[in-house]
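Right, one structure below, let's go through it.
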Amino acid sequence: MRADTRSVTLDAPAAMVFDFLADPLNLPKWAVAFAHSVHRDGDAWRVQTGQGEISLQISADAAHGTIDFRMRPTSGVAITAYSRVLASGDTAEYVFTQFQGPGMSDAAFEGQVNALCEELTVLKSIMKARTVCPN
C-alpha cells in the first residue's frame with residue numbers, strides 16, 4: 001500500500017486551523033475535489049463525492065492536533081487519512097497523509113494526490129482570509 005504525505009504552511013493560528021478542519025461541515029469549503037456536500041448520519045457523516053456517497057468518521061484530538069478521517073467508500077472497505085495541525089509561532093503547519101486504497105489503481109491514487117495539492121492551496125487561501133476578516 002502506497003502512502004503520500006503533503007504539508008502546507010498556513011498563515012493562521014494553529015487553534016483556528018484545527019477548529020476549521022475538525023468540523024466536517026467545512027470539508028466542502030476546502031476539500032473541493034473530495035467533498036461536494038456533507039450531512040450527519042447518526043454518529044457518522046455522509047459525504048457526497050464525485051464517485052457517490054460515502055460514510056465518514058472524524059477523530060479529532062485538539063491536545064495533539066490530530067484529525068483523522070476514516071472513510072468507508074463501500075461495505076467492507078475502510079480507508080483512513082491521517083492529518084495533524086502543528087503550531088509554529090503565529091502560523092500553523094498542516095500535514096496530511098493518505099494511502100492508496102485496496103483495488104485503487106496507481107493512476108487514481110496519483111489523481112487523488114494531485115487533487116489534495118490543489119485542496120491545500122484552497123485551504124491556505126481560506127485561512128489567510130479568515131485571519132484578515134475573522135467574522
Can any side-chain N or O of Q100 pair as donor or acceptor with the backbone N or O of M104 at less than 3.5 Å? yes

Taking I79 as the starting point, is it possible to reach F109 by hopping between hydrophobic residues whose side chains are less than 4.5 Å apart? no

From T80 OG1 over to R72 CZ, what is the distance, rounded to the nearest 0.5 angstrom? 8.0 Å

Measuring from atom CD of E119 to atom CG of N114, what distance do you get when rounded to the nearest 0.5 angstrom? 11.0 Å

Within the supplied structure, the quantity of interest is the number of heavy atoms (other residues, nucleotides, ligands) at a distance under 6.0 Å from R70 CZ; does it exceed 12? no

Smallest separation among heavy atoms of P13 and A92, with atom names: C-CB, 4.4 Å

To the nearest 0.5 angstrom, please state how far the CD atom of Q57 sits from the CG atom of D41. 10.5 Å

List the steps, then state whether side-chain contact (heavy atoms from CB on, under 4.5 Å) holds for L21 with N26. CA-CA 7 Å; L21 292 169; N26 287 329; over 6 Å; no

Side chain to side chain donor-acceptor pair (under 3.5 Å) evaluation trace for Q112 with D4: CA-CA 10 Å; Q112 195 168 293; D4 181 80; over 6 Å; no

Following the transitive rule for hydrophobic clusters with a side-chain heavy-atom cut-off under 4.5 Å over Ile, Leu, Val, Met, Phe, Trp and Tyr, establish whether V95 and W30 coincide in one cluster. no

May I ask you to test the F69-F96 pair for a side-chain heavy-atom distance under 4.5 Å? yes

Does any non-hydrogen side-chain atom of Q48 lie less than 4.5 Å from one of H39? no

Taking A62's backbone N and O only, do any of them form a donor-acceptor pair with T66's side chain (distance below 3.5 Å, no angle check)? no

List the steps, then state whether side-chain contact (heavy atoms from CB on, under 4.5 Å) holds for D11 with M127. CA-CA 7 Å; D11 295 323; M127 290 296 104; over 6 Å; no

Shortest non-hydrogen pair, V85 vs A14, comes out as CG1-O, 3.6 Å

Begin from the C-alpha positions of T9 and E93 and carry the test side chain to side chain donor-acceptor pair (under 3.5 Å) through to its verdict. CA-CA 5 Å; T9 302; E93 192 74 14; 2.5 Å; yes

List the atom of V38, the atom of P24, and the distance in Å for their closest heavy-atom pair. CG2-O, 3.7 Å

If we only count heavy atoms from C-beta on, is the D68 to D61 side-chain gap below 4.5 Å? no

Quick one: do I126 and F34 end up in the same hydrophobic cluster if we chain Ile, Leu, Val, Met, Phe, Trp and Tyr together by side-chain heavy atoms under 4.5 Å apart? yes

Look at the side chain of R40 and the backbone N and O of G42, then say whether any donor-acceptor pair between them is shorter than 3.5 Å. yes

Quick check: does any side chain N or O of T49 sit under 3.5 Å from a backbone N or O of G52, one acting as donor and the other as acceptor? yes

Do the non-hydrogen side-chain atoms of L120 and Y94 ever get within less than 4.5 Å of each other? yes

Hey, quick one: are I67 and V8 part of the same hydrophobic cluster, counting side-chain heavy atoms closer than 4.5 Å, chains of contacts allowed? yes

Quick check: do H36 and P28 have side-chain heavy atoms less than 4.5 Å from each other? no

Evaluate the side-chain proximity of S55 to R46: yes if any heavy-atom separation is below 4.5 Å, no if none is. yes

Are any of the side-chain heavy atoms of F20 and K29 separated by less than 4.5 Å? yes

If I take atom OG from residue S37 and atom CH2 from residue W45, how far apart are they, to the nearest 0.5 angstrom? 11.5 Å

Does the side chain of Q98 come within less than 4.5 Å of R2's, by heavy atoms? no

OG1 (T97) and CZ (R6) are apart, to the nearest 0.5 Å, by 10.5 Å

Answer yes if V113 and V32 sit in the same cluster of Ile, Leu, Val, Met, Phe, Trp and Tyr residues linked by side chain heavy atoms under 4.5 Å apart, and no otherwise. no

